[in-house]
Amino acid sequence: MTPPGSRTGEDAEDLDVEEVLALVNDSNGSYASRPAARSEALSTSTPRQQDTPAPPGRHRATPWPEARAVAERAARDAVRAARRTPVCVPLGDALGLTLAAPLDALTDLPSFDTSAMDGWAVAGPAPWAVRDDGVLAGHAGPERLGDGEAVPIATGARIPQDTSAVLRTEHGRTDDKGRLYATRDVTTGQDIRPRGQECRTGDQLLPVGTLVTPAVLGLAAAAGYDTLTAVARPRAEVLVLGDELLTEGLPHDGLIRDALGPMLPPWLRALGAEVTAVRRVRDDADALHEAIGTSEADIVVTTGGTAAGPVDHVHPTLRRLGAELLVDGVKVRPGHPMLLARTAETQHLVGLPGNPLAAVSGLLTLAEPLLRILAARPAPEAYTLALRDGVQGHPHDTRLVPVALRGDNAVPLHYNGPAMLRGIAAADALAVVPPGGARPGQEAELLDLPWASGGIGVCFT
(Lines give C-alpha, C1' and ligand atoms only; values in the text may rest on other atoms or scores of the structure.)
Protein backbone atom coordinates (compact mmCIF):
# COMPACT_ATOMS: atom_id res chain seq x y z
CA MET A 1 0.00 0.00 0.00
CA THR A 2 1.34 3.41 -0.96
CA PRO A 3 1.79 5.90 1.90
CA PRO A 4 -0.41 8.99 1.47
CA GLY A 5 1.43 11.89 -0.08
CA SER A 6 4.03 9.58 -1.68
CA ARG A 7 5.25 9.86 -5.25
CA THR A 8 4.88 6.49 -7.01
CA GLY A 9 4.49 7.26 -10.70
CA GLU A 10 6.79 6.16 -13.48
CA ASP A 11 9.20 9.01 -12.73
CA ALA A 12 9.85 7.71 -9.24
CA GLU A 13 9.98 4.04 -10.21
CA ASP A 14 12.16 4.24 -13.30
CA LEU A 15 14.62 6.98 -12.44
CA ASP A 16 17.80 5.75 -10.73
CA VAL A 17 20.47 7.77 -9.00
CA GLU A 18 22.74 7.80 -12.05
CA GLU A 19 19.98 9.41 -14.12
CA VAL A 20 19.34 11.96 -11.39
CA LEU A 21 23.05 12.70 -11.37
CA ALA A 22 23.03 13.18 -15.13
CA LEU A 23 20.10 15.60 -14.89
CA VAL A 24 21.80 17.59 -12.13
CA ASN A 25 25.08 17.78 -14.02
CA ASP A 26 23.39 18.73 -17.28
CA SER A 27 21.93 21.80 -15.64
CA ASN A 28 24.80 22.74 -13.35
CA GLY A 29 28.02 21.45 -14.84
CA SER A 30 30.88 19.78 -13.02
CA TYR A 31 33.87 21.41 -11.41
CA ALA A 32 36.14 20.18 -14.20
CA SER A 33 34.15 22.14 -16.78
CA ARG A 34 34.44 25.49 -15.02
CA PRO A 35 36.72 28.13 -16.46
CA ALA A 36 38.91 28.21 -13.36
CA ALA A 37 39.70 24.53 -13.69
CA ARG A 38 39.44 23.86 -17.41
CA SER A 39 43.06 24.53 -18.27
CA GLU A 40 44.38 21.94 -15.86
CA ALA A 41 41.49 19.49 -15.75
CA LEU A 42 42.35 15.85 -16.38
CA SER A 43 40.78 14.54 -19.58
CA THR A 44 38.90 11.26 -19.49
CA SER A 45 41.60 9.68 -21.64
CA THR A 46 44.45 10.52 -19.27
CA PRO A 47 45.92 7.39 -17.62
CA ARG A 48 45.38 7.06 -13.91
CA GLN A 49 48.18 8.21 -11.70
CA GLN A 50 49.40 4.75 -10.74
CA ASP A 51 49.76 3.78 -14.40
CA THR A 52 52.66 6.22 -14.77
CA PRO A 53 54.80 5.87 -11.66
CA ALA A 54 56.96 8.76 -10.60
CA PRO A 55 60.75 8.38 -10.80
CA PRO A 56 62.28 6.75 -7.68
CA GLY A 57 62.68 9.19 -4.81
CA ARG A 58 60.46 11.79 -6.46
CA HIS A 59 56.89 12.39 -5.23
CA ARG A 60 54.33 13.14 -7.90
CA ALA A 61 51.54 15.35 -6.64
CA THR A 62 48.37 16.17 -8.57
CA PRO A 63 47.49 19.77 -9.52
CA TRP A 64 44.64 21.07 -7.37
CA PRO A 65 41.95 21.47 -10.09
CA GLU A 66 42.86 18.04 -11.48
CA ALA A 67 42.53 16.44 -8.04
CA ARG A 68 38.96 17.73 -7.72
CA ALA A 69 38.13 16.46 -11.21
CA VAL A 70 39.53 13.02 -10.30
CA ALA A 71 37.31 12.94 -7.20
CA GLU A 72 34.24 13.79 -9.31
CA ARG A 73 35.00 11.04 -11.82
CA ALA A 74 35.64 8.52 -9.06
CA ALA A 75 32.24 9.30 -7.59
CA ARG A 76 30.53 8.89 -10.96
CA ASP A 77 32.17 5.49 -11.36
CA ALA A 78 30.87 4.50 -7.94
CA VAL A 79 27.35 5.70 -8.79
CA ARG A 80 27.34 3.63 -11.97
CA ALA A 81 28.65 0.55 -10.14
CA ALA A 82 26.23 0.81 -7.22
CA ARG A 83 23.07 1.41 -9.29
CA ARG A 84 21.38 2.76 -6.16
CA THR A 85 17.65 3.29 -6.20
CA PRO A 86 15.98 6.38 -4.74
CA VAL A 87 14.56 6.26 -1.24
CA CYS A 88 11.19 7.35 0.13
CA VAL A 89 11.87 9.70 3.05
CA PRO A 90 9.48 11.39 5.52
CA LEU A 91 9.49 15.16 5.20
CA GLY A 92 11.17 15.52 8.58
CA ASP A 93 14.19 13.54 7.37
CA ALA A 94 14.49 14.95 3.84
CA LEU A 95 16.36 18.21 4.49
CA GLY A 96 19.53 18.37 2.39
CA LEU A 97 18.60 15.50 0.08
CA THR A 98 18.17 15.78 -3.69
CA LEU A 99 14.81 15.11 -5.32
CA ALA A 100 14.81 11.94 -7.42
CA ALA A 101 11.26 12.51 -8.67
CA PRO A 102 9.53 15.72 -9.72
CA LEU A 103 7.50 17.47 -7.05
CA ASP A 104 4.07 17.55 -8.70
CA ALA A 105 1.15 19.20 -6.95
CA LEU A 106 -1.21 16.66 -5.39
CA THR A 107 -3.87 19.34 -4.92
CA ASP A 108 -4.82 22.82 -6.07
CA LEU A 109 -3.11 25.55 -4.05
CA PRO A 110 -5.05 26.98 -2.42
CA SER A 111 -7.52 24.11 -2.53
CA PHE A 112 -10.48 26.49 -2.09
CA ASP A 113 -11.07 30.24 -2.27
CA THR A 114 -9.59 31.72 0.91
CA SER A 115 -9.38 35.07 2.61
CA ALA A 116 -6.00 36.77 2.36
CA MET A 117 -6.77 39.12 5.27
CA ASP A 118 -8.68 39.46 8.52
CA GLY A 119 -11.81 41.53 7.97
CA TRP A 120 -15.26 40.97 6.44
CA ALA A 121 -16.43 38.96 3.47
CA VAL A 122 -18.89 41.24 1.67
CA ALA A 123 -21.43 40.75 -1.10
CA GLY A 124 -22.63 43.53 -3.37
CA PRO A 125 -22.25 47.28 -2.72
CA ALA A 126 -22.05 49.00 0.67
CA PRO A 127 -23.50 49.46 3.16
CA TRP A 128 -23.58 45.87 4.39
CA ALA A 129 -25.59 44.27 7.15
CA VAL A 130 -23.15 42.32 9.29
CA ARG A 131 -24.19 38.81 10.27
CA ASP A 132 -23.55 37.68 13.80
CA ASP A 133 -21.72 34.49 12.85
CA GLY A 134 -18.05 34.60 11.79
CA VAL A 135 -15.91 32.50 9.46
CA LEU A 136 -12.72 30.99 10.91
CA ALA A 137 -9.89 29.07 9.25
CA GLY A 138 -10.25 25.31 9.44
CA HIS A 139 -14.04 25.33 9.79
CA ALA A 140 -16.59 23.82 7.47
CA GLY A 141 -17.94 25.76 4.51
CA PRO A 142 -19.81 28.91 5.58
CA GLU A 143 -23.31 29.85 4.52
CA ARG A 144 -23.83 31.72 1.26
CA LEU A 145 -23.83 35.53 1.47
CA GLY A 146 -26.82 37.45 0.26
CA ASP A 147 -26.50 40.74 -1.58
CA GLY A 148 -25.78 43.51 0.91
CA GLU A 149 -24.51 41.12 3.59
CA ALA A 150 -21.14 40.85 5.30
CA VAL A 151 -19.63 38.35 7.71
CA PRO A 152 -16.45 38.62 9.82
CA ILE A 153 -13.73 36.42 8.36
CA ALA A 154 -10.22 35.36 9.42
CA THR A 155 -7.13 35.02 7.25
CA GLY A 156 -7.06 31.59 5.59
CA ALA A 157 -10.76 30.92 6.09
CA ARG A 158 -12.94 29.57 3.29
CA ILE A 159 -14.75 32.31 1.37
CA PRO A 160 -18.57 32.12 1.52
CA GLN A 161 -20.27 31.57 -1.80
CA ASP A 162 -21.22 34.79 -3.71
CA THR A 163 -18.64 36.88 -1.84
CA SER A 164 -17.62 39.96 -3.87
CA ALA A 165 -14.48 40.87 -1.92
CA VAL A 166 -12.80 40.85 1.47
CA LEU A 167 -12.76 44.19 3.25
CA ARG A 168 -9.74 44.47 5.55
CA THR A 169 -10.41 45.25 9.21
CA GLU A 170 -8.55 48.54 8.97
CA HIS A 171 -10.55 49.59 5.90
CA GLY A 172 -14.04 49.26 7.38
CA ARG A 173 -16.24 51.11 9.89
CA THR A 174 -19.68 50.51 11.30
CA ASP A 175 -22.35 53.06 12.11
CA ASP A 176 -24.58 53.15 15.17
CA LYS A 177 -27.04 50.81 13.45
CA GLY A 178 -24.32 48.19 12.90
CA ARG A 179 -24.08 48.76 9.15
CA LEU A 180 -20.63 48.31 7.60
CA TYR A 181 -19.02 50.91 5.31
CA ALA A 182 -15.70 50.89 3.42
CA THR A 183 -13.25 53.72 4.05
CA ARG A 184 -11.69 53.23 0.62
CA ASP A 185 -12.69 51.78 -2.76
CA VAL A 186 -13.48 48.06 -2.88
CA THR A 187 -12.77 46.09 -6.05
CA THR A 188 -14.24 42.74 -6.99
CA GLY A 189 -12.02 39.88 -5.82
CA GLN A 190 -10.03 42.11 -3.49
CA ASP A 191 -7.96 40.16 -0.88
CA ILE A 192 -9.36 36.81 -2.02
CA ARG A 193 -6.92 34.04 -2.88
CA PRO A 194 -8.78 32.07 -5.59
CA ARG A 195 -8.55 28.30 -5.74
CA GLY A 196 -5.54 27.20 -7.80
CA GLN A 197 -3.89 30.64 -7.72
CA GLU A 198 -0.47 29.09 -7.01
CA CYS A 199 -0.88 25.78 -8.83
CA ARG A 200 -3.32 23.22 -10.14
CA THR A 201 -3.28 19.51 -9.34
CA GLY A 202 -0.58 17.84 -11.44
CA ASP A 203 1.47 20.98 -12.06
CA GLN A 204 5.22 20.40 -11.69
CA LEU A 205 6.40 22.52 -8.80
CA LEU A 206 10.06 21.47 -8.76
CA PRO A 207 12.12 19.25 -11.08
CA VAL A 208 14.33 16.25 -10.40
CA GLY A 209 17.67 17.33 -8.98
CA THR A 210 16.31 20.06 -6.71
CA LEU A 211 18.04 20.33 -3.35
CA VAL A 212 15.57 19.96 -0.48
CA THR A 213 15.72 23.19 1.53
CA PRO A 214 13.39 24.27 4.36
CA ALA A 215 11.30 26.14 1.78
CA VAL A 216 11.02 22.98 -0.37
CA LEU A 217 9.77 21.07 2.69
CA GLY A 218 7.13 23.73 3.25
CA LEU A 219 6.02 23.63 -0.39
CA ALA A 220 5.90 19.82 -0.36
CA ALA A 221 3.73 19.82 2.76
CA ALA A 222 1.39 22.45 1.31
CA ALA A 223 1.11 20.41 -1.89
CA GLY A 224 0.00 17.32 0.03
CA TYR A 225 3.19 15.32 0.52
CA ASP A 226 4.08 13.26 3.57
CA THR A 227 7.21 11.76 2.01
CA LEU A 228 9.66 12.66 -0.76
CA THR A 229 11.48 10.46 -3.27
CA ALA A 230 15.15 11.40 -3.03
CA VAL A 231 18.73 10.27 -3.46
CA ALA A 232 19.99 8.61 -0.29
CA ARG A 233 22.78 10.30 1.64
CA PRO A 234 26.17 8.67 1.03
CA ARG A 235 27.46 7.01 4.20
CA ALA A 236 30.70 8.31 5.66
CA GLU A 237 32.87 6.90 8.43
CA VAL A 238 35.57 8.93 10.16
CA LEU A 239 38.74 7.26 11.46
CA VAL A 240 40.70 9.55 13.78
CA LEU A 241 44.29 8.30 13.91
CA GLY A 242 46.92 9.04 16.51
CA ASP A 243 48.08 8.00 19.98
CA GLU A 244 48.83 11.61 20.89
CA LEU A 245 45.22 12.83 20.84
CA LEU A 246 43.14 13.75 23.87
CA THR A 247 39.34 13.88 23.82
CA GLU A 248 38.99 16.17 26.84
CA GLY A 249 40.93 18.48 29.11
CA LEU A 250 44.04 20.55 28.48
CA PRO A 251 47.06 19.36 26.49
CA HIS A 252 49.79 17.87 28.67
CA ASP A 253 52.88 15.66 28.55
CA GLY A 254 53.18 15.79 24.77
CA LEU A 255 49.49 15.01 24.24
CA ILE A 256 47.26 17.40 22.29
CA ARG A 257 43.51 17.86 21.96
CA ASP A 258 41.81 16.25 18.99
CA ALA A 259 40.28 19.04 16.90
CA LEU A 260 39.26 16.91 13.92
CA GLY A 261 37.03 14.44 15.77
CA PRO A 262 34.56 17.18 16.76
CA MET A 263 34.94 19.14 13.50
CA LEU A 264 34.74 16.58 10.71
CA PRO A 265 31.38 14.83 11.35
CA PRO A 266 29.22 17.99 11.23
CA TRP A 267 31.22 19.27 8.27
CA LEU A 268 30.64 16.01 6.40
CA ARG A 269 26.92 16.20 7.22
CA ALA A 270 26.86 19.73 5.83
CA LEU A 271 28.36 18.34 2.62
CA GLY A 272 25.52 15.82 2.34
CA ALA A 273 26.85 12.72 4.10
CA GLU A 274 25.30 10.49 6.71
CA VAL A 275 28.08 9.96 9.24
CA THR A 276 27.64 6.38 10.41
CA ALA A 277 30.56 6.22 12.86
CA VAL A 278 33.51 8.12 14.29
CA ARG A 279 36.21 5.70 15.43
CA ARG A 280 39.52 6.41 17.11
CA VAL A 281 42.28 4.17 15.85
CA ARG A 282 45.60 3.85 17.61
CA ASP A 283 48.92 4.08 15.77
CA ASP A 284 48.92 0.41 14.82
CA ALA A 285 49.01 -0.93 11.27
CA ASP A 286 46.81 -3.97 12.02
CA ALA A 287 44.21 -1.84 13.79
CA LEU A 288 44.02 0.53 10.82
CA HIS A 289 43.83 -2.39 8.38
CA GLU A 290 40.89 -3.85 10.28
CA ALA A 291 39.11 -0.49 10.58
CA ILE A 292 39.31 0.24 6.85
CA GLY A 293 38.80 -3.33 5.72
CA THR A 294 35.60 -3.79 7.74
CA SER A 295 33.99 -0.43 6.96
CA GLU A 296 30.74 -0.55 4.99
CA ALA A 297 30.64 3.20 4.37
CA ASP A 298 30.65 4.73 0.90
CA ILE A 299 33.49 7.02 1.93
CA VAL A 300 36.06 6.46 4.67
CA VAL A 301 37.79 9.60 5.95
CA THR A 302 41.06 9.21 7.84
CA THR A 303 42.97 11.92 9.70
CA GLY A 304 46.76 11.98 9.68
CA GLY A 305 49.11 9.17 8.76
CA THR A 306 49.34 10.10 5.06
CA ALA A 307 53.06 11.00 5.04
CA ALA A 308 56.01 8.63 5.40
CA GLY A 309 56.80 8.78 9.12
CA PRO A 310 57.32 5.78 11.41
CA VAL A 311 53.63 5.62 12.41
CA ASP A 312 52.13 6.80 9.11
CA HIS A 313 50.31 3.60 8.21
CA VAL A 314 47.80 4.80 5.61
CA HIS A 315 49.87 4.11 2.47
CA PRO A 316 51.07 0.63 3.60
CA THR A 317 47.53 -0.27 4.63
CA LEU A 318 46.11 0.75 1.26
CA ARG A 319 48.73 -1.37 -0.49
CA ARG A 320 47.91 -4.29 1.79
CA LEU A 321 44.20 -3.92 0.95
CA GLY A 322 44.93 -3.76 -2.79
CA ALA A 323 43.39 -0.29 -3.03
CA GLU A 324 43.76 1.84 -6.15
CA LEU A 325 45.50 5.12 -5.39
CA LEU A 326 43.83 7.83 -7.47
CA VAL A 327 45.43 10.93 -5.93
CA ASP A 328 48.64 10.75 -3.91
CA GLY A 329 49.40 14.26 -2.79
CA VAL A 330 47.99 17.49 -4.21
CA LYS A 331 49.77 20.66 -5.27
CA VAL A 332 47.99 22.75 -2.68
CA ARG A 333 48.98 24.48 0.57
CA PRO A 334 48.01 23.63 3.20
CA GLY A 335 47.07 19.99 2.71
CA HIS A 336 49.75 18.76 0.32
CA PRO A 337 49.89 15.13 1.65
CA MET A 338 46.16 14.38 1.17
CA LEU A 339 45.15 11.34 -0.86
CA LEU A 340 42.21 9.62 -2.52
CA ALA A 341 42.00 5.85 -2.99
CA ARG A 342 39.40 3.44 -4.34
CA THR A 343 39.18 0.69 -1.71
CA ALA A 344 36.29 -1.15 -3.38
CA GLU A 345 34.17 -0.69 -6.49
CA THR A 346 31.72 1.50 -4.59
CA GLN A 347 33.92 2.70 -1.71
CA HIS A 348 36.59 5.39 -1.50
CA LEU A 349 38.99 6.59 1.15
CA VAL A 350 39.93 10.23 1.60
CA GLY A 351 43.14 10.55 3.57
CA LEU A 352 43.33 13.95 5.28
CA PRO A 353 46.50 15.40 6.76
CA GLY A 354 46.57 15.60 10.55
CA ASN A 355 47.03 19.35 10.80
CA PRO A 356 43.57 20.95 11.21
CA LEU A 357 43.60 23.57 8.44
CA ALA A 358 45.36 21.13 6.13
CA ALA A 359 42.55 18.68 6.85
CA VAL A 360 39.97 21.34 5.91
CA SER A 361 41.83 21.84 2.65
CA GLY A 362 41.65 18.10 1.95
CA LEU A 363 37.98 18.03 2.86
CA LEU A 364 37.09 20.72 0.31
CA THR A 365 39.51 19.43 -2.32
CA LEU A 366 38.61 15.72 -2.34
CA ALA A 367 35.67 14.94 -0.04
CA GLU A 368 33.39 17.76 -1.22
CA PRO A 369 33.29 16.81 -4.92
CA LEU A 370 33.09 13.11 -4.04
CA LEU A 371 30.13 13.57 -1.70
CA ARG A 372 28.42 16.08 -3.97
CA ILE A 373 28.35 13.62 -6.85
CA LEU A 374 27.30 10.68 -4.66
CA ALA A 375 24.45 12.75 -3.21
CA ALA A 376 23.52 14.15 -6.66
CA ARG A 377 23.67 17.66 -5.25
CA PRO A 378 23.77 20.63 -7.60
CA ALA A 379 27.26 21.97 -8.23
CA PRO A 380 27.89 25.32 -6.53
CA GLU A 381 28.20 28.29 -8.84
CA ALA A 382 31.81 29.36 -9.27
CA TYR A 383 32.40 33.01 -8.46
CA THR A 384 35.25 35.41 -7.78
CA LEU A 385 35.85 38.48 -5.64
CA ALA A 386 38.70 40.95 -5.49
CA LEU A 387 41.20 40.35 -2.68
CA ARG A 388 41.46 43.43 -0.50
CA ASP A 389 45.04 42.57 0.44
CA GLY A 390 47.80 40.79 -1.38
CA VAL A 391 48.48 37.12 -0.55
CA GLN A 392 51.88 35.53 -0.66
CA GLY A 393 51.76 32.41 -2.77
CA HIS A 394 53.66 29.18 -3.04
CA PRO A 395 56.09 29.05 -5.98
CA HIS A 396 54.46 25.98 -7.54
CA ASP A 397 51.29 25.09 -5.61
CA THR A 398 47.79 26.54 -5.22
CA ARG A 399 47.07 28.10 -1.82
CA LEU A 400 43.71 27.99 -0.03
CA VAL A 401 43.46 31.01 2.27
CA PRO A 402 40.63 31.76 4.73
CA VAL A 403 38.87 35.03 3.87
CA ALA A 404 36.04 37.13 5.27
CA LEU A 405 33.59 38.67 2.79
CA ARG A 406 33.24 42.42 3.22
CA GLY A 407 31.10 44.06 0.56
CA ASP A 408 32.71 43.48 -2.84
CA ASN A 409 36.00 42.31 -1.36
CA ALA A 410 37.47 39.18 0.18
CA VAL A 411 39.69 40.00 3.15
CA PRO A 412 42.49 37.47 3.75
CA LEU A 413 42.65 36.43 7.40
CA HIS A 414 45.66 35.85 9.61
CA TYR A 415 46.35 32.58 11.43
CA ASN A 416 46.21 30.55 8.25
CA GLY A 417 49.02 28.09 8.95
CA PRO A 418 48.43 24.34 8.44
CA ALA A 419 47.96 23.67 12.16
CA MET A 420 45.73 26.70 12.85
CA LEU A 421 41.96 26.95 13.05
CA ARG A 422 41.65 30.53 14.26
CA GLY A 423 41.47 31.94 10.73
CA ILE A 424 39.01 29.41 9.32
CA ALA A 425 36.76 29.79 12.39
CA ALA A 426 36.24 33.46 11.46
CA ALA A 427 36.08 32.87 7.69
CA ASP A 428 33.22 32.93 5.20
CA ALA A 429 35.15 31.21 2.41
CA LEU A 430 38.52 29.99 1.19
CA ALA A 431 40.20 31.96 -1.56
CA VAL A 432 41.95 29.95 -4.26
CA VAL A 433 45.31 31.68 -4.70
CA PRO A 434 47.31 30.57 -7.76
CA PRO A 435 51.01 29.69 -7.65
CA GLY A 436 53.06 32.82 -7.17
CA GLY A 437 50.45 34.61 -5.05
CA ALA A 438 47.96 37.39 -5.67
CA ARG A 439 48.23 41.18 -5.56
CA PRO A 440 45.75 43.54 -3.86
CA GLY A 441 42.60 43.90 -5.98
CA GLN A 442 43.21 40.70 -7.93
CA GLU A 443 40.15 38.51 -8.50
CA ALA A 444 40.26 35.13 -6.76
CA GLU A 445 37.92 32.15 -6.99
CA LEU A 446 36.13 31.50 -3.69
CA LEU A 447 35.00 28.27 -2.06
CA ASP A 448 32.09 29.03 0.25
CA LEU A 449 32.04 27.37 3.65
CA PRO A 450 28.79 25.45 4.22
CA TRP A 451 27.51 27.58 7.10
CA ALA A 452 28.42 30.87 5.40
CA SER A 453 26.94 30.21 1.95
CA GLY A 454 23.29 30.72 2.93
CA GLY A 455 22.54 27.28 1.54
CA ILE A 456 21.47 23.96 2.96
CA GLY A 457 24.82 23.48 4.62
CA VAL A 458 23.74 25.55 7.60
CA CYS A 459 21.78 22.52 8.75
CA PHE A 460 24.16 20.02 10.30
CA THR A 461 21.75 17.26 11.30
Side-chain angles (χ1 to χ4, degrees), residues 31-32 34-37 40 62-69 71-72 259-260 263-264 266-268 270-272 301 303 327 330-338 340 350 352-353 355-372 377 379-394 397-440 442-458 460:
Y31 182 85
R34 298 182 200 167
E40 293 187 272
T62 305
W64 183 76
E66 182 180 311
R68 288 177 60 83
E72 285 189 346
L260 297 182
M263 181 174 71
L264 291 180
W267 206 316
L268 289 166
L271 294 176
V301 179
T303 67
V327 174
V330 176
K331 293 180 180 179
V332 67
R333 307 290 169 146
H336 179 269
M338 68 182 74
L340 172 65
V350 173
L352 302 178
N355 278 326
L357 188 57
V360 170
S361 175
L363 200 63
L364 296 182
T365 299
L366 297 176
E368 186 278 329
L370 193 67
L371 288 169
R372 171 166 40 82
R377 281 191 168 192
E381 290 290 333
Y383 74 103
T384 65
L385 279 182
L387 295 171
R388 192 192 69 179
D389 308 317
V391 178
Q392 183 177 359
H394 186 275
D397 295 352
T398 299
R399 275 195 72 195
L400 300 182
V401 178
V403 294
L405 306 185
R406 300 290 182 265
D408 294 331
N409 290 281
V411 181
L413 299 175
H414 298 296
Y415 307 106
N416 54 28
M420 298 179 179
L421 286 174
R422 188 171 169 182
I424 193 71
D428 299 307
L430 288 175
V432 181
V433 178
R439 65 185 181 279
Q442 183 172 328
E443 295 280 323
E445 181 184 0
L446 297 185
L447 303 178
D448 276 330
L449 301 180
W451 51 88
S453 63
I456 193 63
V458 299
F460 291 115

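What you see is a predicted model, and the numbers here were worked out from it, not measured in a lab. Index from 1, following the sequence. Every heavy atom of this structure was used, including side-chain atoms; hydrogens, water molecules and symmetry mates were not.
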Inset, instruction - Under the side chain to side chain contact (heavy atoms under 4.5 Å, CB included) rule, what do L449 and I424 come out as? Steps first, then yes or no, please. - result: CA-CA 9 Å; L449 301 180; I424 193 71; 3.8 Å; yes
Inset, instruction - Spell out, as yes or no, whether a donor-acceptor pair under 3.5 Å connects the side chain of E66 to the backbone of P63. - result: no
Inset, instruction - Rounded to the nearest 0.5 Å, what's the gap from CG on D389 to NE2 on H414? Could you check? - result: 7.5 Å
Inset, instruction - Take atom OH of Y415 as the centre, draw a 6.0 Å sphere, and report whether it contains more than 12 heavy atoms from other residues, nucleotides or ligands. - result: no
Inset, instruction - Could you pull out the closest heavy-atom pair between E445 and A382, with the gap in Å? - result: OE2-CB, 4.4 Å
Legend entry - Nearest-0.5 Å distance, CG of residue L366 to CG of residue L371: 11.0 Å
Legend entry - Minimum heavy-atom distance between G390 and P440, given as atom pair plus value: N-CG, 3.5 Å
Inset, instruction - Return the minimal non-hydrogen interatomic distance between A379 and R372, and the atom names on each side. - result: CA-CD, 3.7 Å
Inset, instruction - Output the distance between atom OG1 (T365) and atom CG (L340), rounded to the nearest 0.5 Å. - result: 11.0 Å
Inset, instruction - Could you grab the distance from atom CE of M263 to atom CG of L363, nearest 0.5 Å is fine? - result: 7.5 Å
Inset, instruction - Take L352 and L264, measure what side chain to side chain contact (heavy atoms under 4.5 Å, CB included) needs, and give me the verdict at the end. - result: CA-CA 10 Å; L352 302 178; L264 291 180; 3.9 Å; yes
Inset, instruction - Quick one: closest heavy-atom pair of P402 and A427, and the distance? - result: CB-CB, 3.8 Å
Inset, instruction - Verify, without hydrogens or angle tests, whether R399 (side chain) and Q392 (backbone) share a donor-acceptor contact under 3.5 angstrom. - result: yes
Legend entry - side chain to side chain contact (heavy atoms under 4.5 Å, CB included) between L430 and V403, worked out: CA-CA 6 Å; L430 288 175; V403 294; over 6 Å; no
Legend entry - Closest contact, heavy atoms only, W64 versus T398: CB-OG1, 3.8 Å
Legend entry - Side-chain donor or acceptor of T62 paired with backbone N/O of V327 under 3.5 Å: no
Legend entry - Within-4.5 Å side-chain heavy-atom neighbours: V332 and S361: yes
Legend entry - Inter-residue atom distance L446.CG - L385.CG, 0.5 Å rounding: 5.0 Å
Legend entry - Considering all heavy atoms, the nearest G362-M338 contact: CA-CE, 3.4 Å
Legend entry - Side chains of L357 and M420 in contact at under 4.5 Å (non-hydrogen atoms): no
Inset, instruction - Could you grab the distance from atom CG of L387 to atom CD of Q442, nearest 0.5 Å is fine? - result: 7.0 Å
Inset, instruction - State which residues pass side chain to side chain contact (heavy atoms under 4.5 Å, CB included) with D397; sequence neighbours excluded, sorted by chain then number. - result: K331, R333, H336, H394
Inset, instruction - Could you check V301, L260, L364 and say which one makes a side-chain contact (heavy atoms from CB on, under 4.5 Å) with W267? - result: L364
